Amino acid sequence: MSLCFLNLKGSHIGSLNLWTAGIFLGTFFFPLLSITGLVLVLRVPKDEIHRGVRIHSLLASSACCVVTGFLLSWHLLALRLWAP
């Protein structure tokens, strides 16, 4: 998604193109995948995963969910730059 932001220039910001579609898809799928990751790490039985890997996965997916909450509070989820 950051690559898409870097390639936006001038008049391309308000039109539907490859870069604005990439930003939309990135901000659309990020919360879905964050919540899915958190659910998966909580559902895996403790004897099937190493404790360190489980803690790392839990912290990473929790951080992604916190970022999702921040993006939600600023209305930046499923961001359509071409919409009026």
Side-chain angles (χ1 to χ4, degrees):
M1 203 171 68
S2 58
L3 177 70
C4 294
F5 274 116
L6 290 174
N7 287 318
L8 279 178
K9 299 200 178 20
S11 64
H12 297 292
I13 294 173
S15 63
L16 177 60
N17 54 45
L18 178 67
W19 307 117
T20 56
I23 292 168
F24 170 72
L25 291 174
T27 57
F28 179 77
F29 284 116
F30 181 76
L32 298 176
L33 295 174
S34 298
I35 294 169
T36 302
L38 185 62
V39 168
L40 287 175
V41 76
L42 293 174
R43 290 191 60 181
V44 173
K46 289 185 179 184
D47 57 343
E48 290 186 14
I49 190 169
H50 189 269
R51 184 175 181 218
V53 174
R54 182 179 183 86
I55 291 171
H56 178 270
S57 299
L58 186 60
L59 290 173
S61 59
S62 298
C64 287
C65 288
V66 168
V67 171
T68 296
F70 174 77
L71 293 174
L72 179 65
S73 71
W74 283 90
H75 306 289
L76 294 174
L77 295 180
L79 183 62
R80 295 177 301 148
L81 295 176
W82 64 87

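Just so you know, these numbers come straight off a predicted model, no measurement behind them. Basis for what follows: all heavy atoms, side chains included, without hydrogens, waters or symmetry-related copies.
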Do [X] and [Y] land in one hydrophobic cluster if side-chain heavy atoms of ILVMFWY residues count as linked below 4.5 Å?
X	Y	result
Phe30	Leu72	yes
Leu32	Met1	no
Leu79	Leu18	yes

For a 4.5 angstrom cut-off between non-hydrogen side-chain atoms, does [X] reach [Y]?
X	Y	result
Leu77	Phe28	no
Trp82	Phe24	yes
Leu38	Leu58	yes

**Fill in**
Nearest heavy-atom contact between Leu8 and His12 is CD2-O, 3.9 Å

**Asked** Distance from Arg80 atom CZ to Thr20 atom OG1, nearest 0.5 Å?
**Response** 11.5 Å

**Item:** Between OG on residue Ser61 and CG on residue Leu42, distance to nearest 0.5 Å
**Value:** 7.0 Å

**Request:** Please name the residue in the list Thr68, Val39, Val67, Leu71 that meets the side-chain contact (heavy atoms from CB on, under 4.5 Å) test with Ser34.
**Result:** Thr68

**Prompt:** Residues two or more places apart in sequence or in another chain: which of them pass side chain to side chain contact (heavy atoms under 4.5 Å, CB included) with Leu59?
**Reply:** Ile55

**Prompt:** If only atom types and distance count, is the side chain of Arg54 paired as donor or acceptor with the main-chain N or O of Val44 below 3.5 Å?
**Reply:** yes

**Prompt:** Would you call the rings of Phe70 and Trp74 parallel, tilted or perpendicular, where under 30° means parallel and over 60° means perpendicular?
**Reply:** tilted

